[in-house]
Amino acid sequence: MKAVIPAAGLGTRLLPMTKVQPKEMMPVLNKPAIQYVVEEASHGGFDQILIITNRNKKIMEDHFDRNFELEMVLKKKGADKALKELEAIEGLADLFYLRQKEQKGLGDAVLIGEHFTSAESFAVLLGDDIIISDIPAIKQLWEAHLKVRAPVIGLEIVPEDHVERYGIVDPGEEIEPGLFKLNSVVEKPKKEDAPSQMAIIGRYILDPDIFTWLRESKSGVGGELQLTDSLARYINTKGLYGMIMKGHRVDIGSTSDWLKANLEVALLDPDIRPKVSEYFDELRSQGRI
Ligand code: UTP
């Protein structure tokens, strides 16, 4: 099964951290963000993964490649745990890379995956959205896709004040708990115009029709090519479904989100959690928060 991970964006909201360091390589606790995403795809059954990069993101390829020198040093030291972790990264999936030459938006990045995905349904996972869940979020969507035999996109209920940041859906009929046949999708609506608080987040199961629509819209737009506009074309054809995935999403798109993501993941680690709580107790007792 094939997955595409767009990771070619400029990450301008995280500058200056992202001046040379790709956003997707920013650490979240002890791993770069994109490793969580590749692990989710791999554990979800996607064994061929295309990462969309750009000329300044070669470091992502290096991260998933073998590093013999480091392995030798770890072997000599008897650092078995670290060695196993390195081997696990290298064995995640067959990884492929293509570059997006100009940052023309998410739709344009997905379009680069056209020849890789060929005629099959495929997954798209955004490289800067991490979803912590027992069952990999993308697998949950794939299973829904097998039931409805149509594209399925991941949804999350967001606070009313945040709808302007996302693509928002009109959920239509709930065909089973958390799975909706969508009536419409709208990109970044005003709070008063939003059809719901269900936001499209970074997980999708799509099929090759999306490329035809992306290509058509590409010729009509001068600026960024959105994915949402082309997703809407499914609604009046084979149908588009949305699913509220079970899990917890952490986003690293802005500096405060990235900091929160680190804390949230740290709190899930049984060894680190007590240290974080202790630190916050200390800050509180000193009146610093
Ligand atoms: P974002 O819009 O959140 O990322 O895209 P960005 O453009 O890098 O960030 P800002 O707004 O400038 O801070 C969501 C995902 O889509 C990828 C990004 O790398 C990110 O993983 N993306 C975005 C592309 O691959 N190409 C693009 O042209 C835009």
Side-chain angles (χ1 to χ4, degrees), residues 3-28 31-41 46 49-61 63-64 95-117 122-131 137-138 153-156 158 162-168 185 187-188 199-204 206 210-211 214-215 217-218 221-231 249-261:
V4 176
I5 302 182
L10 296 176
T12 54
R13 284 168 296 156
L14 284 171
L15 283 168
M17 283 196 284
T18 46
K19 189 177 170 204
V20 287
Q21 155 98 330
K23 167 164 77 169
E24 296 78 7
M25 284 300 291
M26 299 271 295
V28 175
K31 291 190 267 191
I34 195 159
Q35 190 180 327
Y36 291 87
V37 181
V38 170
E39 284 171 353
E40 179 192 325
F46 294 85
I49 300 174
L50 171 68
I51 302 183
I52 310 293
T53 71
N54 71 35
R55 76 185 76 82
N56 298 318
K57 299 204 179 193
K58 271 181 69 188
I59 189 179
M60 282 196 303
E61 294 182 40
H63 180 73
F64 292 105
L95 294 178
F96 303 85
Y97 301 89
L98 280 174
R99 287 185 183 184
Q100 184 186 29
K101 294 187 178 59
E102 245 183 284
Q103 278 47 67
K104 290 188 188 157
L106 177 58
D108 182 69
V110 171
L111 189 50
I112 292 171
E114 180 168 15
H115 298 299
F116 170 77
T117 58
F122 61 96
V124 175
L125 302 91
L126 299 195
D128 60 348
D129 255 346
I130 297 169
I131 303 181
I138 200 68
I153 60 179
L155 301 175
E156 183 181 79
V158 297
H162 292 186
V163 292
E164 295 183 17
R165 304 180 191 170
Y166 295 92
I168 299 290
V185 294
E187 183 63 18
K188 301 190 175 74
I200 304 174
I201 53 165
R203 300 292 183 269
Y204 313 77
L206 304 175
I210 198 78
F211 299 122
L214 283 170
R215 247 183 285 110
S217 346
K218 193 172 176 175
V221 292
E224 287 212 344
L225 180 59
Q226 302 288 353
L227 183 60
T228 313
D229 304 336
S230 294
L231 284 177
R249 181 175 69 105
V250 294
D251 166 20
I252 59 156
S254 69
T255 308
S256 58
D257 285 341
W258 169 73
L259 193 58
K260 273 195 234 160

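Atoms within each ligand, like the ligands themselves, are counted from 1 in listed order.
The NZ atom of Lys57 sits 7.0 Å away from the CG atom of Leu10 when rounded to the nearest 0.5 Å. The CD1 atom of Ile168 sits 9.0 Å away from atom CG of Leu155, with the distance rounded to the nearest 0.5 Å.
Residues of the protein with a heavy atom under 4.0 Å from ligand 1 are Pro6, Ala7, Ala8, Gly9, Leu10, Gly11, Thr12, Arg13, Lys23, Glu24, Gln100, Gln103, Lys104, Gly105, Leu106, Ala109, Leu126, Gly127, Asp128, listed by chain and number.
Ring orientation note: the planes of Phe96 and Phe116 are tilted relative to one another, at an angle of 30° to 60°.
The backbone N or O of Leu106 sits nowhere less than 3.5 Å from a side-chain atom of Glu224 that would complete a donor-acceptor pair. Formation of a donor-acceptor pair under 3.5 Å by the Asp128 side chain with backbone atoms of Gly253 is not found in this model.
Taking the centre of each ring, Phe211 and Phe122 come in below the 6.0 Å mark.
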